[in-house]
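This report refers to the structure that appears directly beneath it.
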There are 2 protein chains.
Amino acid sequence: MEQTLKRLATMQRLQVAGLELFYQNGYHNTSVDDILKKLDLSKGAFYYHFKSKEEFFISIIQNLIVQKVYSALVQPIEGKEDPFSIIENSLDASLETAEHNFFDNGFVLSNFIAETQGKDPEVNTYLNDILKIWEVALITSLQKGKSDGYVARHVDSDGVAAYVISAYIGIRLQMASGNAKNLRYKFVQQLRAYFRSLVPQAIH
Amino acid sequence: MEQTLKRLATMQRLQVAGLELFYQNGYHNTSVDDILKKLDLSKGAFYYHFKSKEEFFISIIQNLIVQKVYSALVQPIEGKEDPFSIIENSLDASLETAEHNFFDNGFVLSNFIAETQGKDPEVNTYLNDILKIWEVALITSLQKGKSDGYVARHVDSDGVAAYVISAYIGIRLQMASGNAKNLRYKFVQQLRAYFRSLVPQAIH
DNA sequence: TCTTAATTAGACCACTTAGTCGGTCTTATT
DNA sequence: AATAAGACCGACTAAGTGGTCTAATTAAGA
């Protein structure tokens, strides 16, 4: 019992430090030794808990990254109100934390997807699965919004979801290169203009 | 004279092969030897023409990538017609070539920007400069569109440009993970809806 | 043809990488 | 206290890594 706790604690420490370094320097550009040095641990410890660097990365994806994305982008839009406003709010909130994070390096998910494209197909799959979760949540929210009269009937929910995801990925990449505050403001403005075109028109 | 030609030819061969491999496997995940092996050249040849791997990469960026982006995304929107339709056309055309490229790994520029974020600040700067060129072209086009009556006066050209770039970056990343054709169609649909909200309203 | 310079070959160096393995310490069980 | 299992250490290996250097080859000009 105490044992398992210690085991999990060490694994968690490794994963947290690993994610931080992978996110900062990229997966291929971060060595296992880098992570170990940061925690004053040894090779033995690492390979006792994980059987390879890749498996380690996958465990990070499935434990930490899923969580991050879910709590920041999926859960907030599971309400019953106007999809457009709750989506806008969740994106804006997420951009705000990015803006105030001095070491922001872009959207974790899209960075890793870009890096593992072609190479590392297995890892890439796990990452895309997370994107898919977000996509489904968006689509669900939009569909419900139709029944509730918030979203125009003719709207293609799939298309809107893909477009929203695209825009978010792109703006995060640009924000990481400076001028985050300004970009965030512009983004929300345009997102709003876009959403306005998808609202049911008042009869006149 | 013959010399210079040969020199340039070899450099070009190295750059083309380098870009291909960097694009496929990432910059950090491609060794100089990989490139050399592909061309049956030796270390000596490489370091005779380029003084380091990084300088080599920068030369690729400034020769090949600039060209690619310019001819695909900047030049096509330098017309005098409706900005929205020429922008839409240039993006669609660019997505079409991506769709039909079986080895599409996403948008070259954004992939490299993501990879060199934090690490490799110099390289990152050169890449962002190219994005900037595109941004300026978009803004110019939109501004001209206002005088010509294609774009509503109240529109924030900077914001629209940033938003268009974002969306394009994001959709390219998603397209690389399969289902390209469908995504392209959805993207253009939504882009059109968005643009409609930025057109001057007919007086009624 | 002889000389000189441009270009390429490839052995070599110092260093880093992911992963292994025999051993050690620590904790739980009897 | 004795035993066993869990957790960790750190030297080591084999395969790369970017980059250097000398020698060989090729082409140009006299």
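Numbers restart at 1 for each chain; the letters A, B, ... are given by sequence-line order, proteins then strands.
Rounded to a whole Å, the CG atom of B/Asp33 is 12 Å from the P atom of C/dA11. Put simply, CG on A/Asp40 is 9 Å from P on D/dC9, counting in whole angstrom units. In this structure, B/Leu41 atom CG and D/dT25 atom P are separated by 17 Å, rounded to whole Å. Atom pair A/Lys6:NZ and C/dA28:C1' shows a separation of 13 Å (rounding to whole Å applied). The separation between B/Tyr47 atom OH and C/dT7 atom C1' is 17 Å, rounded to whole Å. Between the C1' atom of D/dG18 and the CG atom of B/Asp34 lies a distance of 12 Å, rounded to the nearest Å. At whole-Å resolution of the value, CG in B/Leu36 and C1' in D/dT17 are 13 Å apart. Rounded to whole angstrom, the span from the CZ atom of A/Arg7 across to the C1' atom of C/dT27 amounts to 15 Å.
Donor-acceptor pairing under 3.5 Å is lacking for the side chains of B/Tyr150 and B/Glu81. In the model, B/Gln15 has a side-chain atom that pairs as donor or acceptor with a side-chain atom of B/Ser59 under 3.5 Å.
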I'd like a table of donor-acceptor pairs (distance under 3.5 Å, sequence neighbours excluded) in which one partner is a side-chain atom from residues 159-177 of chain B, with atom names and distances.
| from | atom 1 | to | atom 2 | distance (Å) |
| --- | --- | --- | --- | --- |
| B/Ser166 | OG | A/Ile171 | N | 3.2 |
| B/Ser166 | OG | A/Gln174 | NE2 | 2.9 |
| B/Ser166 | OG | B/Ala162 | O | 2.9 |
| B/Tyr168 | OH | B/Ser94 | OG | 2.6 |
| B/Tyr168 | OH | B/Arg172 | NH1 | 3.0 |
| B/Arg172 | NH2 | B/Asp104 | OD1 | 2.7 |
| B/Arg172 | NH2 | B/Gly106 | O | 3.0 |
| B/Gln174 | NE2 | A/Ala162 | O | 3.3 |
| B/Gln174 | NE2 | A/Ser166 | OG | 2.9 |
| B/Ser177 | OG | A/Asn128 | OD1 | 3.3 |
| B/Ser177 | OG | A/Asn128 | ND2 | 3.3 |

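B/Asp156 has no carboxylate O lying under 4.0 Å from a charged side-chain N of A/Lys186, or vice versa, which leaves the two without a salt bridge. A salt bridge links B/Arg184 and B/Glu99; the closest N-O separation between the charged side-chain nitrogens and carboxylate oxygens is under 4.0 Å.
Results of the side-chain contact (heavy atoms from CB on, under 4.5 Å) test with A/Ile60 over A/Phe112, A/Tyr23, A/Phe22 single out A/Phe22 as the only residue that passes.
The side chain of B/Tyr48 places an N or O atom within less than 4.0 Å of a non-bridging phosphate oxygen (OP1 or OP2) of C/dT7. Here B/Thr10 reaches the OP1 or OP2 of C/dT8: one of its side-chain N or O atoms lies under 4.0 Å away.
Side-chain proximity of A/Lys43 to D/dG10, D/dC8, C/dG10: nearest is D/dG10. Side-chain atoms of A/His49 lie closest to D/dC8 of the nucleotides C/dT17, D/dC8, C/dA6.
Aromatic ring pairs are classed by plane angle as parallel below 30°, tilted from 30° to 60° and perpendicular above 60°; the pair A/Phe57 and A/Tyr27 is parallel.
Toward the 5′ end of DNA chain C lies the nearest nucleotide of B/Ala45, the other residue of the pair A/Val32 and B/Ala45 mapping further downstream.
Less than 4.0 Å separates DNA chain D from at least one heavy atom of each of the following residues of residues 50-64 of chain B: B/Ser52, B/Lys53. Remark: nothing in residues 11-31 of chain B comes within less than 4.0 Å of DNA chain C through any heavy atom.
The side-chain heavy atoms of B/Phe56 and B/Phe46, taken from C-beta on, include a pair separated by under 4.5 Å. Side-chain contact check for A/Lys119 versus A/His28: some heavy-atom pair is nearer than 4.5 Å.
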